[in-house]
Trainee: 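Got a structure for you, written out below as structure tokens; questions coming shortly.
Reckoned from all heavy atoms, side chains included, excluding hydrogens, waters and symmetry mates. The chains referred to below are lettered A, B, ... by the order of the sequence lines, with proteins before strands, and numbering in each begins at 1.
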4 protein chains.
Amino acid sequence: MTPKPDSSRRGDLAQTLLDAAIDVFAERTYEGTQMPAVAQRAQVGVGTIYRYFPSKEALGNAAFQYAKGGLLAEYRAAVAEGGPTTSTREEFSRLWRGFARYTAAHHNAFVFLEHQQHDTFLAPESQALAAELDAFAADFILSGQLSGEIRDGDPKLLISMALGAFAGLLKHVGPGGLATLTPDQLAQAEQAVWALLHREASA
Amino acid sequence: MTPKPDSSRRGDLAQTLLDAAIDVFAERTYEGTQMPAVAQRAQVGVGTIYRYFPSKEALGNAAFQYAKGGLLAEYRAAVAEGGPTTSTREEFSRLWRGFARYTAAHHNAFVFLEHQQHDTFLAPESQALAAELDAFAADFILSGQLSGEIRDGDPKLLISMALGAFAGLLKHVGPGGLATLTPDQLAQAEQAVWALLHREASA
Amino acid sequence: MTPKPDSSRRGDLAQTLLDAAIDVFAERTYEGTQMPAVAQRAQVGVGTIYRYFPSKEALGNAAFQYAKGGLLAEYRAAVAEGGPTTSTREEFSRLWRGFARYTAAHHNAFVFLEHQQHDTFLAPESQALAAELDAFAADFILSGQLSGEIRDGDPKLLISMALGAFAGLLKHVGPGGLATLTPDQLAQAEQAVWALLHREASA
Amino acid sequence: MTPKPDSSRRGDLAQTLLDAAIDVFAERTYEGTQMPAVAQRAQVGVGTIYRYFPSKEALGNAAFQYAKGGLLAEYRAAVAEGGPTTSTREEFSRLWRGFARYTAAHHNAFVFLEHQQHDTFLAPESQALAAELDAFAADFILSGQLSGEIRDGDPKLLISMALGAFAGLLKHVGPGGLATLTPDQLAQAEQAVWALLHREASA
DNA sequence: TATGAATGAGGATTCATTCAT
DNA sequence: AATGAATGAATCCTCATTCAT
């Protein structure tokens, strides 16, 4: 009833916990993170975490799914907004903005997701979500190849490389996120990744 | 008691241990790996590891330095071989072959190195080695920019993106390594990464 | 906020709590029982228990004393009722009925009491009450031995065995209590325990 | 090769652990016992327990099965020894001696077994073993009833009562075991339990 | 007055490291 | 020199207890 004197927490402790977990996992790795560290980041007692997630593994998977799901949503929103796309380059631009927007708000989430490849703790559900995102991205590549705007090759390979380049960009800017770049630098980076995908004139 | 039937080992058990450690660290993360797992991979008893490395942390650092150092050496060898370079594109090609050769022999080493960014266990020495490699790479970019062949922008940013793209490529091919690609596919991938770096005609 | 729909409770919530505690302790052991389990059985919130008992230990002792006290009271009532006893056999019969009546109403209480022997949580007060009951029982044996109706031997030993046999009977019938036996079966059981105590003709 | 300087442990740490667990469980209940207490009793580090038993629950079940199995074995040995039995009374005597012998060596094991009735941790395997022992005992009663030497009634009920009486006897003598009784007292106790079972002349 | 979400001390379990063989 | 059983500090997780509502 009265606004909490201590903090903005409340109502969605689960959400707070997820955010805290993603932050700490991104910084120290899932396996390298101890539950008390998550609790501390969330300003909560350790026991509290267990009221919302039955185990560290469950927390890890929930965090993964939340992050991956958020990225997928942002992705879709970015593509949808602004009506039908006229060119693959334009669509790429929208995706780029989607990424940029997502990582602006969730820098650590993206870093956390990048970690997970050799994962020991991801449940089938989590992996299914990852696959969904991959499929979405592969579709984009494929239609770009059909229209002749994207270079030949296995769509998944191209996606993997483009995503890797984007991840490299984020790794470079560090925790500050893309905001540390000038609009000009950002445009250059976008152009560079597009060049990676773009079918070249001759050879 | 009886001499090991599978000889081959001997003298450089340390090397065997390093290789085993890199493999397992790459698969399961440094923090997610238990010493017995390393011992098992190396086909030795746990105790034996401690005759060569004083601690898990020491083993981790030795593995890191071995991997990073090997990459740097391969890098330098690739650039040196075949006499003076005529163009940045040609030098890039040599670097690419160096990378390809290195990852062919040490796929897991590269994966392991990619993990380490938020590292908790890396000693200053290890970090210095990493910086050396970065500097080497930045030099390449810089001279390419001076000759007008590489696009403008912070060299470190470009390196980070190119390296990310290469990492994405490796992630895509998986444990089989680059050998799973046809020469043609490999050439395409090389060309794509070059496009990321290459200064474009107009803009 | 709204008055409890299931009234009945009220005033002696403490009593409800005691009953719930005894039930759950009997089923799962004192140490094996969590406070929320007691609360749930009593249909109250956990916090409520603490308004009536300062701690789990206090609750355990209160439950113990309530159970032991109730048994002792039933015991005494059974002996008193029906005027002066004519024979030890007759007195035994009254005690048996006392037991039977008590366990009919408080099956779990008896089971709970049987558990407590190696107790870590029993306060001196609780132990004193237990001793009082033992003394009462020993008196019965002793006077029976004096009148020649009960076999020789340490009264406490005989009590312990007779009580053990009764406990075995209850364990056999399970949670349904003695009500699951026919009157005939019950009489037989009584006779068997009496035989355990009864001094035999020759030897 | 050289006899251990420190203790007689070795070769069967698992056995030592089982004995220690039974002791402590008997004194403090399974749920009331902490792993360090078991470790201390066994003169071992906590971690060592987990090299032999995967969890506290597994240890509890192993202890239960070891105790119950030992009792069953002693039971069978006692019946077999001395050739065919001539009377139920004689067979009872052998069983009694079996019990006495078992509890002499394993007083705590018997106490521990007596605890387990409302068990939360017993695996189906453990319960099966318990049932086997019950069946064995019921057989004895049944054949005694057929020969007219044992009183009528549900064999399981009678067993339960006799066993309860025996348990009461042990509870009375305490940790010292039956050795604290004179042969005469022991004979009296045996006779008392027999009286519980024995079919009486008239009524 | 009753509640149950939040807490952190305490208990179960793991794992880097030692050391007797 | 190599080993792996033993160890206990560090981790995950539970649960008695508190306290804001």
Trainee: For D:His106, what residues pass the ring-ring contact (aromatic ring centres under 6.0 Å, His included) criterion, not counting sequence neighbours?
Mentor: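 D:His106: ring-ring contact (aromatic ring centres under 6.0 Å, His included) contacts with D:Tyr102.
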Trainee: Using distance only, find each side-chain donor-acceptor pair of residues 60-68 of chain C under 3.5 Å and give its atom names and separation, not counting sequence neighbours.
Mentor:
{"from": "C:Asn61", "atom 1": "OD1", "to": "C:Ala123", "atom 2": "N", "distance (Å)": "2.7"}
{"from": "C:Asn61", "atom 1": "OD1", "to": "C:Ser126", "atom 2": "OG", "distance (Å)": "2.5"}
{"from": "C:Asn61", "atom 1": "ND2", "to": "C:Glu57", "atom 2": "O", "distance (Å)": "3.0"}
{"from": "C:Asn61", "atom 1": "ND2", "to": "C:Phe121", "atom 2": "O", "distance (Å)": "2.8"}
{"from": "C:Gln65", "atom 1": "NE2", "to": "C:Ser126", "atom 2": "OG", "distance (Å)": "2.8"}
{"from": "C:Tyr66", "atom 1": "OH", "to": "C:Gln15", "atom 2": "NE2", "distance (Å)": "3.1"}

Trainee: Just to verify, what does A:Ala128 make a side-chain contact (heavy atoms from CB on, under 4.5 Å) with, not counting sequence neighbours?
Mentor: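 For A:Ala128, no residue satisfies side-chain contact (heavy atoms from CB on, under 4.5 Å) once neighbours in sequence are set aside.
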Trainee: Dot-bracket for DNA chain E, please. Rules: Watson-Crick or G-U, both distances under 3.5 Å, ( ) within the strand, [ ] when a pair crosses earlier ones, | for another strand, . otherwise.
Mentor: .||||||||||||||||||||
Trainee: Separation of C:Arg51 atom CZ from E:dG4 atom P, in whole Å?
Mentor: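 Atom-to-atom, C:Arg51 to E:dG4, this comes out as 14 Å.
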Trainee: Could you say whether A:Ile49 or C:Ile49 is positioned toward the 5' end of DNA chain E, judged by the nucleotide with the nearest heavy atom to each?
Mentor: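 Here C:Ile49 is the residue nearer the 5' end.
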Trainee: Show, in sequence, the C-alpha distance, side-chain angles and deciding distance for D:Glu114 and C:Glu114, and conclude whether the side-chain contact (heavy atoms from CB on, under 4.5 Å) test is met.
Mentor: CA-CA 10 Å; D:Glu114 279 302 297; C:Glu114 279 301 297; over 6 Å; no
Trainee: Grab the CD-C1' distance between B:Gln40 and F:dG4 for me, whole Å please.
Mentor: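 Taking atom C1' of F:dG4 as the reference, CD of B:Gln40 is at 13 Å.
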Trainee: Closer than 4.0 Å, any side-chain N/O of B:Tyr52 to the OP1 or OP2 of F:dA1?
Mentor: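 It does not, given that no N or O in the side chain of B:Tyr52 lies less than 4.0 Å from OP1 or OP2 of F:dA1.
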Trainee: If we check side-chain contact (heavy atoms from CB on, under 4.5 Å) with B:Val24, which of these qualifies: B:Thr33, B:Asp19, B:Asn108, B:Thr29?
Mentor: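 For B:Val24, the side-chain contact (heavy atoms from CB on, under 4.5 Å) test succeeds with only one of B:Thr33, B:Asp19, B:Asn108, B:Thr29, which is B:Thr33.
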Trainee: Across nucleotides 10-15 of chain E, 5' to 3', mark each nucleotide with B, S or - according to how protein heavy atoms within less than 4.0 Å reach it.
Mentor: -SSBBS
Trainee: Any idea which heavy atoms bring C:Ala42 and C:Leu17 closest together, and the distance?
Mentor: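 Closest pair (atom of C:Ala42, atom of C:Leu17, distance): CB-CD2, 3.7 Å.
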Trainee: Rounded to the Å, how far apart are A:Leu59 CG and F:dT11 C1'?
Mentor: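 Value for this atom pair: 15 Å.
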Trainee: In terms of the nearest nucleotide of DNA chain F, which residue is placed more toward the 5' end: D:Gly45 or B:Gly45?
Mentor: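 Nearer the 5' end of the strand: B:Gly45.
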Trainee: Does A:Gln34 reach the side chain of A:Lys56, with side-chain heavy atoms less than 4.5 Å apart?
Mentor: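 A side-chain contact under 4.5 Å is absent here.
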Trainee: Using the test ring-ring contact (aromatic ring centres under 6.0 Å, His included), find all partners of B:Phe25 that sit at least two apart in sequence or belong to another chain.
Mentor: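 With neighbours one apart ignored, the set is B:Tyr30, B:Phe112.
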